[in-house]
Amino acid sequence: MRLRVAPEVRSALEARRPVVALESTVIAHGLPRPTNLETARALEDEVRAAGATPATVALADGAALVGADAALLARLAREEGVAKVSLRDLAPVLARGGLGAATVAATAEVAARAGIAVVATGGIGGVHRGAERSFDESADLEAIARNPVCVVCAGAKLVLDLALTLERLETLGVPVVGYGTDELPAFYVRSSGIALAHRADEPSAVARIAREQLARGAGLVVAAPVPEADALGRAEAEAEVARALAAAERAGVRGAALTPFLLRALGEATSGRSLRANVALLRRNAKIAAQIAAALSGGATG
Ligand code: PSU
Ligand code: MN
């Protein structure tokens, strides 16, 4: 795989300064225009403000870009037909030189190759509801298990089966560390009622766990709840998810298209409040990721 590392990212890595990889599927497929481009920029700003260098990961011209520039961010946000690139898509999209947005799975793999230890996202993919029939489990889980990266998220997307997702991560040997919480956060909702085995309250505490896990050649998940002011209530969110899932079933939406469909349906159903929550948690995760990266590189401690 050809990596094209932006000069700013390269010099940060060479000087062992903190770097945070940002996924780009959320820009191309997870958020509506124009919020998607505004958010892509805001996430880079959050990372910078916390003293780290952002590296948005995407695919173009047969290379994996580590640190997409402003023009590429705009293309990802505005163009139709940007490929959603998970592990199975990496080779074909690289081979044809297409424009691709990286999921957490693809971002984790590219980040690991570039020597970046921390990845920020909104919510990781996981085990879908009804997976016992559909077999729909995100490649994010495998990718985190086999790449030495610390993935900061607000838990798994609420549209998933969170308990099954946690079971799979356990099987794969991936610790899920609650950041300031004992429960798995549920994306728009601060808590799921599902207890976590591990917790950390500061970037330095996460960094100590991450050092051990990364040395095993494996990744971990840091799960931070959405900020209180923007969170949705659990009952409301559950009801809307059930409605969105039923709509997806009726429309015959499956596979890679399912997550974008559900997120759009939820946004419409909550008249934008789910969107506000999504942006708020993305920003918080980017900031926490930068603080963890700083703690890992032995710089600022938290
Ligand atoms: N969470 C969001 N929006 C998104 C995603 C997650 O709120 O767009 C993306 C992430 O890039 C994640 C991917 O890695 O969805 C998982 O997709 P799948 O279930 O098809 O593997
Ligand atoms: Mn899937």
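All figures in this text were calculated on a predicted structure; none of them were measured in a lab. Just so you know, ligand 1 is whichever comes first in the structure, and atom 1 is the first atom listed for that ligand.
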Report task. Verify the neighbour count for atom CZ of Arg211: are there more than 12 heavy atoms of other residues, nucleotides or ligands below 6.0 Å? Result -> yes

Query raised in the report: Is the closest heavy-atom distance from Gly30 to ligand 1 below 4.0 Å?
Result: yes

Query - Gly123 near ligand 1 by a heavy-atom separation under 4.0 Å - result: yes

Please determine whether a side-chain nitrogen of the Lys or Arg among [X] and [Y] lies less than 4.0 Å from a carboxylate oxygen of the Asp or Glu.
| X | Y | value |
| --- | --- | --- |
| Glu46 | Lys287 | no |
| Arg41 | Glu44 | no |
| Arg113 | Glu109 | yes |

Report task. Classify the side-chain pair Thr107/Glu23 by whether it contains a donor and acceptor separated by less than 3.5 Å. Result -> no

Report task. Classify the side-chain pair Thr259/Lys157 by whether it contains a donor and acceptor separated by less than 3.5 Å. Result -> yes

Show me which atoms of ligand 1 lie under 4.0 Å from any heavy atom of [X].
| X | result |
| --- | --- |
| His128 | 19 (O) |
| Thr25 | 8 (O), 9 (C), 11 (O) |
| Lys84 | 17 (O), 18 (P), 20 (O) |

Query raised in the report: Backbone, side chain, both or neither: what part of Asp140 comes under 4.0 angstrom of ligand 1, heavy atoms only?
Result: side chain

Query raised in the report: Relative to ligand 1, is Leu263 under 4.0 angstrom through side chain, backbone, both or neither, heavy atoms considered?
Result: side chain

**Report entry** Whether Asp136 has an N, O or S atom under 2.8 Å from the Mn ion (ligand 2)
**Finding:** yes

Looking only at protein heavy atoms, identify the closest one to [atom] and say how far it is in Å.
| atom | result |
| --- | --- |
| atom 1 (N) of ligand 1 | Lys157 CD, 3.1 Å |
| atom 11 (O) of ligand 1 | Glu23 OE1, 2.8 Å |
| atom 7 (O) of ligand 1 | Phe187 CZ, 2.9 Å |
| atom 21 (O) of ligand 1 | Ser138 OG, 2.7 Å |

**Report entry** Spatial distance of atom CZ (Arg273) from atom CD (Glu240) [nearest 0.5 Å]
**Finding:** 8.5 Å

Query raised in the report: Do side-chain atoms of Thr171 reach the backbone of Glu167 as a donor and acceptor pair under 3.5 angstrom?
Result: yes

Query raised in the report: Within the distance-only criterion (no hydrogens, no angle test), does the side chain of Arg284 pair as donor or acceptor with the backbone N or O of Pro225 below 3.5 angstrom?
Result: yes

Query raised in the report: Quick check: does His29 get an N/O under 3.5 Å from an N/O on ligand 1?
Result: no

Query raised in the report: Is any N or O atom of Gly122, backbone or side chain, closer than 3.5 Å to an N or O atom of ligand 1?
Result: no

